[in-house]
Protein chains: 2
Amino acid sequence: MNKKNNEVLKKRATLIDVAKLSGLSTGTVSRVLNNHSSVSDEARKKVEDAIKKLNYVPLSTARSLAKGISNTIMLSIIEENPILPSTWRYELPAVQGIYDYLKDTSYSLQIGIGFVEEAKKSKFFENLIKDKYVDGLLILGSWPINYKSLLYLEDRNIPYVLIGCRSVAPTRAEVSFDNHGAIVKIIDYLVQLGHTKFALIGGLKEQIHMIDRAKGFRDALLARDLKVYPNLIKFGDYQIDSGYQLMLELLEENPRPTAIICGNDFMAAGAIRAIHDKGYRVPEDFSVVGFDDNEVAKVISPQLTTIKVPVFEMGHLAVEKLCSMIQKDKEIEEITILPCELVIRSSTGKCNQKEKI
Amino acid sequence: MNKKNNEVLKKRATLIDVAKLSGLSTGTVSRVLNNHSSVSDEARKKVEDAIKKLNYVPLSTARSLAKGISNTIMLSIIEENPILPSTWRYELPAVQGIYDYLKDTSYSLQIGIGFVEEAKKSKFFENLIKDKYVDGLLILGSWPINYKSLLYLEDRNIPYVLIGCRSVAPTRAEVSFDNHGAIVKIIDYLVQLGHTKFALIGGLKEQIHMIDRAKGFRDALLARDLKVYPNLIKFGDYQIDSGYQLMLELLEENPRPTAIICGNDFMAAGAIRAIHDKGYRVPEDFSVVGFDDNEVAKVISPQLTTIKVPVFEMGHLAVEKLCSMIQKDKEIEEITILPCELVIRSSTGKCNQKEKI
DNA sequence: TTGTAAGCGTTATCAG
DNA sequence: CTGATAACGCTTACAA
């Protein structure tokens, strides 16, 4: 009673069954399945009827073997270790964007997760996919990729697209977001509010997003003839506590900043807490900006002005690109940088500090 | 220069190449590959040398076809639409738990994402995997699963494990967490602090986690001879605003609760904001408890007492169970409920309301 | 212990 | 437009 009757178990119908039932050959059935043009309407109909009747579904592995393709795309997620809370928020929308595109294709999405340390090794991708059979690779991460590791993919002629990361050597295709431009946007907005003394509470210094943003920070200030105070540029680890700590330090600096740009919303939350603890107000005394538009942005008070990153779109675009690389065997060589959106809430305001000349 | 020399492109070595190089037959090579015992050490060594020399890796699809297994496990994620922020936090740890187990096996992890509405249809799983070839299915969601849909899996004899969800009809294997017990833990703790008037700010009423928790809420109160006030039990949608709104309503109720248990940390954040807006304090006037131990719990003030759900472990356990179902062709019939952890922070405290007799 | 050869379910080539 | 039939790369009886 517990065990299913194995004799009764419906054997999966095969293409041969379909051929027999429809009275046609396997070749014709296959042609119908693959939408080849040279099939008479009559034959097509017979085959389709048989397929329906038998509830036939082609076996993907057999198909792969015969065609020499896998119809599988692998998403390699490279994570910080220990995992930062913000990565949850970053990765899943990307996965969704990818799946959203793939669900209307015949591709399957396979997943592999590795840590940054492993991804630094030169055999990372080889180990990841050597016993798999994938048509292409999507690489999602926030740290530089070991180029040697990518060489394996080049050798095997497996197309790949980097999402939000890059390698030291130039790669074929990348989809990323405009870290640099996002900071420029923030600074433009704050300058308009009268701010002139900017501080940066950065996240992990070596992480590529942060590198770009730190550069954007300097570039934007210089371009507006504003001074870059090296003592107002600090780096932490993306966690609340480090935002808190660094903000305390900033309060002791000279000059004191009036606007603080943070590496993510958590650090911004920490910074705001530090400001409050010292008896100051946001945004009256200090304007604070986050990054990511994490949920915390709406939970803390004042609600956070921050940057929204188009992660879903990045995933979508990346996989679209990958598929056309696979199908057309085209060598797309392209770096796409998606713009970010400045979300203005209540943690930023007019600069109230009187200018000392 | 742009195009790779296709002639030069290393053709992947096949088992036949290995056989030739080693001077043995394909059968023997295959036996070595599959660790069959009846191979002489000498032959084994020759084969292994050849494998190394040729950099040979078996082609998974060919293997699958010959063996009649796919070595692939599919994770079906069923999401709310629109997606709730808290789901990001819930799903990825589960994926990691699953992958963490799978990475040491020969299984690949494939992913499929669907929305709750689709999952209600009777052909959901059929549509999901009919053109795939998977050995087993992991089902991750927070809503009741259409049993008819599962019947397809039963018919095809594809084992599956539900994670955090269930079906109306009994299913073979489930891994979930103890919603009911978590609420009991919370109430025990609050009773100890002197609270007697409890309110529930629930999330989506039909969601299975919420159903269990609402039941736990009533059961725990009754078991302690405390009164269940129906007007203090309200349901929202897991968002901050709804927590805020429902808390405002609670402040008008009679009796007024002194302890509020919320459906998740976001609703708790909203509730706390409402309390503050009305000039009361947490935890002096009201104790508030969240659920999930989301990042926001540490960001808001006071920091939130909440429940931590073992999502990683659930994923890990579920896939372990699934694999043994696949391998041993064993009919595991088992529901595993993992305990949750009460994380005590600063949003809860002694009840300061004087008892009116 | 080893080799041979027949599958596994499709696709693709080549005649017809 | 259709039908045979040889691949695709590997596993697994069955023989030796």
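Letters A, B, ... mirror the listed sequences (proteins, then strands); counts begin at 1. Both backbone and side-chain heavy atoms feed into the values below; hydrogens, waters and symmetry mates do not.
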Angle by which the axis turns from one end of the helix from C:dT1-D:dA16 to C:dG16-D:dC1 to the other, five pairs per end, to 10 degrees = 40°
Between [N] atom [atom2] and [X] atom [atom1], what is the distance in whole Å?
X      : N      : atom1 : atom2 : result
A:K67  : C:dT10 : NZ    : C1'   : 9 Å
B:L65  : D:dC8  : CG    : C1'   : 9 Å
B:L24  : D:dC10 : CG    : P     : 16 Å
A:L59  : C:dT10 : CG    : P     : 6 Å
A:Y56  : C:dG9  : OH    : C1'   : 7 Å
B:I69  : D:dC10 : CD1   : C1'   : 12 Å
B:D131 : C:dT10 : CG    : C1'   : 15 Å
A:Y133 : D:dC8  : OH    : P     : 12 Å

key: Short side-chain N/O contact to C:dT2 OP1/OP2 from B:S40, under 4.0 Å   = yes
Could you list by number each residue of [range] showing a heavy-atom separation from DNA chain C of less than 4.0 Å, or answer none if no residue does?
range                     : answer
residues 13-23 of chain A : A:T14, A:L15
residues 26-39 of chain B : B:T26, B:G27, B:T28, B:R31, B:S38, B:V39
residues 44-52 of chain B : none

ask   = Name the one of B:L140, B:L317, B:I335 that satisfies side chain to side chain contact (heavy atoms under 4.5 Å, CB included) with B:V175?
value = B:L317
Neighbour count above 12 (heavy atom, 6.0 Å) for B:I16 CD1 = no
For residues 99-111 of chain A, which side-chain N or O atoms pair as donor and acceptor with protein atoms under 3.5 Å away, sequence neighbours left out?
| unit_1 | atom_1 | unit_2 | atom_2 | d |
| --- | --- | --- | --- | --- |
| A:D100 | OD1 | A:K103 | NZ | 3.0 |
| A:D100 | OD2 | A:H316 | NE2 | 3.1 |
| A:K103 | NZ | A:D100 | O | 3.2 |
| A:T105 | OG1 | A:L102 | O | 2.7 |
| A:T105 | OG1 | A:Y107 | N | 3.0 |
| A:S106 | OG | A:N71 | OD1 | 3.1 |
| A:Y107 | OH | A:Q327 | NE2 | 3.2 |
| A:S108 | OG | B:Q110 | NE2 | 3.3 |
| A:S108 | OG | B:K132 | NZ | 3.2 |
| A:Q110 | NE2 | B:S108 | OG | 3.3 |

How far apart are the closest heavy atoms of [X] and [Y], and which atoms are they?
X      : Y      : result
B:C165 : B:G141 : CB-O, 3.5 Å
B:G315 : B:I98  : O-CG1, 3.5 Å
A:L24  : A:K46  : CD1-CB, 4.1 Å
B:S76  : B:F124 : OG-CE2, 3.9 Å

ask   = Once you round to the nearest 0.5 Å, how far does CG of A:L75 lie from CD of A:E91?
value = 8.5 Å
task = Hey, could you give me the CD/CE distance between B:E320 and B:M325, rounded to the nearest 0.5 Å?
result = 13.0 Å
ask   = Does a side-chain heavy-atom distance below 4.5 Å link A:N146 with A:V168?
value = no
Pairwise side-chain contact, B:E117 with B:N81, heavy-atom cut-off 4.5 Å (strictly under) = yes
ask   = Taking the side chain of B:S25 as its heavy atoms from C-beta onward, which of C:dG3, D:dG9, C:dG9 lies nearest to it?
value = C:dG3
note = The salt bridge (charged side-chain N to carboxylate O under 4.0 Å, His left out) partners of B:K121 (sequence neighbours excluded) come to none
key: Test side chain to side chain contact (heavy atoms under 4.5 Å, CB included) applied to B:I139 and B:F125, step by step   = CA-CA 10 Å; B:I139 301 166; B:F125 291 117; 3.5 Å; yes
key: Polar side chain donor-acceptor pair, A:T61 to A:S64, under 3.5 angstrom   = no
